[in-house]
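Take a look at the structure below.
In this text, all values refer to a predicted model and were calculated from it rather than measured experimentally.
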Amino acid sequence: MSRHRWFLTKWPITISSIAEKLRENTFQDGKSEGFVLDRIRKEYLEARFIERIEYDTIVTDPFGKEFSLKQLNFIQSKFVISIQQPGLEIIDAPKSVTNLITYLSELNNFSLSLDSITVDVLKWTHLLQNELKTDIEIESVQIGKLVLAKDILAKVLIKGSGDVRNSCLEMTQNKSFVIEKVQIKLKDSHSSKILLTNTAVAHINSAQNTEIHIALRDSLAKTKLTNSNLI
Amino acid sequence: MNDSISQNFATDREVRDLLMCSKQKLSKPVLAEIALARGIIYSPKTTREELVELISMLPFDHSEIIDLIQRREHPRRADKTTSIVLQGDIAIEDIRAVITDYTGEVYGQEKVTTQRISNTVEVHVKFDEIDYAKNRLIRRQSHDIKIEFIKQEDHTIVRLPAIEKGQLVVENLIGKIESRRKGTISTLTIDLSQVRVADKRTLFFTNLISDLPEFRLRNVTSIRIAKFPIENIEEDFDLEDPEFESETGSLLAIVQNVVFSGENLTTSPEYQELLHRGFYITGIRWQSQQETAPFHLLQFEAQFEDTENCKDFKYDVRYCPRSSRNTYSMKFKRFQNEDAGYFLELIENIAQENFLTLTKTI
């Protein structure tokens, strides 16, 4: 099980110079946060951002006496930086990625621009199918902003034991709508399930599978990416 | 009209204006309370405006008017801070002496108190500001400003609120110190008017937010940017036709400055786009987290009052303590006096270092 989210970014400096900067800010003992570089290639790099969080929890016993316990927590966010668009992928992101993004922006002398992505999910699915060269079954589709009548909108979840594509077409005929989420099943040996959303997020429901990961990334890059602020 | 001399009472209209002008201090419950003290009960459905009209028709004696005026008075909202560095070794005794001089000079108009804490002299100036455009009962606004002289080895930092009165008092005091020492004192203020490159002006702020020692930058929530005014090239040509000039001037759409507010603004494409178009930062509000206990989240603000010349630098700091669950309420409070000094000094030092390196490289 892993969760991937992509952002549209243009890196102002090369991969090797980014790697250099990440290395200068390596996470070490005694530091509250920093990076760990996992892999560097010509086209991309994989790294982790680690935050060390220390805080005191106060526990009160039945007689009103207070005990203070030191808690220590580490938050890791794995990310991939690539020259090829979309540019930034965050894997299994924690609740907030603000700290990571601010840090990356600082390392790039505040000349980094970052944007969320809106993607046509069906097109993404189609390209993913080509990329993986296996058949894909669409198990469920979530449609939003489906116009039923003037000023009346519906949010619809279409589910089935087989492929729901045809029913989906029937339902949306001659209507304006947005496909928000698509759950697909790969007809491969693992029958992995993937949930794709129009905000460029993918949940992969199988053991770590590099092949699927790469296929997702490449198919997304081939889909026409639009910056979500334009819509 | 010479009525203020002959008229020694408050008219209904003046009372009405007094009650009307401060919605927060003289709120509906407060007005109802004033009426109740006189044994009058109004319906809770009466609007504030109606209450004001009704109450202002009642007779008020001198002490009641004074009470109303005092109820309305509100402490002036927090001003940003600014600072001036006085070069050279100035004795604390000199500073204290000129403050005593000043106290005598403004006796009766301003109330000056001083306090010395180790190498710092704190001056509080209480004064009334009178706005003659307003009616007699609401024209007086009292202020209390704090000016600090912080003596360092070879220089003295003067920290003052970034308002006109603060500047005037400090200029007066510096003048007095100069005449006492019989020599001019060179001062240092942050002023980027000589820096005419947009990127370098921006660099001043980006360095400021990333160089704070013992802090991690967390978020940038507001950025003000501006552009150098377009120089009128046509002026050089001696064109007789007056229509030519007006035409080119009016057809151009010109954006002179923009204020962004939001989250993580430095990475926003809109901001980046404008930076590429030659805009520079003139003010910024950011949040940084302390790397060590007590892990406060601090909200700093720094900006130039004069955006075109990047002059009159002023700044502010607020904080939000970390809760036991490692979260922040995001409600930023002002520091109690002593603590604020430490953080303001951080900004002052970094800003000055930045300013000196930037101006050196011109």
Side-chain angles (χ1 to χ4, degrees), chain A residues 7-12 21 25 27-28 30-34 49-60 66-75 86-88 94-117 225-230, chain B residues 198-221 223 225 260 262-277 279-281 284-297 300 321-328 330:
Chain A
F7 294 92
L8 205 57
T9 317
K10 230 181 144 66
W11 297 96
K21 293 201 175 208
N25 291 278
F27 181 77
Q28 287 161 345
K31 273 185 103 178
S32 63
E33 56 190 42
F49 175 62
I50 303 172
E51 292 168 78
R52 175 197 160 101
I53 294 164
E54 242 178 276
Y55 56 99
D56 292 335
T57 25
I58 292 167
V59 185
T60 318
E66 283 187 345
F67 295 92
S68 157
L69 289 173
K70 262 209 172 358
Q71 297 259 331
L72 185 60
N73 202 358
F74 292 93
I75 299 180
L88 176 67
K95 227 188 244 168
S96 160
V97 290
T98 318
N99 293 355
L100 165 62
I101 285 168
T102 310
Y103 210 142
L104 286 177
S105 160
E106 205 180 322
L107 292 183
N108 285 281
N109 295 326
F110 300 100
S111 53
L112 175 72
S113 109
L114 192 95
D115 216 341
S116 50
I117 302 172
L225 299 173
T226 46
N227 129 6
S228 59
N229 292 338
L230 296 178
Chain B
D199 286 354
K200 285 196 171 170
R201 287 189 171 182
T202 299
L203 196 65
F204 172 78
F205 283 100
T206 49
N207 281 346
L208 187 65
I209 63 175
S210 54
D211 286 356
L212 280 182
E214 294 162 39
F215 276 96
R216 287 279 342 135
L217 176 65
R218 287 301 181 214
N219 202 345
V220 176
T221 52
I223 300 183
I225 54 173
F260 287 100
E263 304 284 320
N264 267 331
L265 286 171
T266 51
T267 57
S268 84
E270 293 86 352
Y271 158 75
Q272 291 294 342
E273 159 92 32
L274 288 178
L275 272 200
H276 286 302
R277 289 182 181 215
F279 279 80
Y280 56 85
I281 304 182
I284 194 161
R285 185 172 70 219
W286 77 99
Q287 292 160 6
S288 289
Q289 189 190 11
Q290 277 183 306
E291 276 184 321
T292 49
F295 301 101
H296 288 324
L297 188 66
F300 294 97
R322 189 172 77 164
S323 78
S324 56
R325 287 189 197 158
N326 190 34
T327 53
Y328 293 96
M330 295 317 227

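- Interface summary for chain A: among B:Thr267, B:Thr292, B:Leu217, B:Asn219, the most heavy-atom pairs under 4.5 angstrom belong to B:Thr267.
- Ranked by heavy-atom pairs under 4.5 Å with chain B, the list A:Ile101, A:Thr98, A:Thr9 is led by A:Thr98.
- For residues 202-214 of chain B, a heavy-atom distance under 4.5 Å to chain A picks out B:Thr206, B:Ile209, B:Ser210, given by residue number.
- Counting heavy-atom neighbours within 6.0 Å of A:Lys21 NZ, excluding the residue itself, gives a total above 12.
- The NE2 atom of B:His276 sits 7.5 Å away from atom OG of A:Ser113, with the distance rounded to the nearest 0.5 Å.
- Looking at every heavy atom in both residues, A:Ser105 comes nearest to B:Thr266 through OG-OG1, 3.3 Å.
- Two residues are said to be in side-chain contact when any heavy atoms from C-beta on lie closer than 4.5 Å; B:Ile281 and A:Phe110 fail this criterion.
- Proximity to chain B involves both the backbone and the side chain of A:Leu114, based on heavy atoms less than 4.5 angstrom apart.
- With sequence neighbours left out, A:Lys70 forms a side-chain contact (heavy atoms from CB on, under 4.5 Å) with A:Glu54, A:Asp56.
- Pairing each heavy atom of A:Thr102 with each of B:Arg218, the nearest pair is OG1-O, 2.9 Å.
- Screening B:Arg216, B:Glu291, B:Gln289 for a side chain to side chain contact (heavy atoms under 4.5 Å, CB included) involving A:Glu33 leaves a single residue, B:Arg216.
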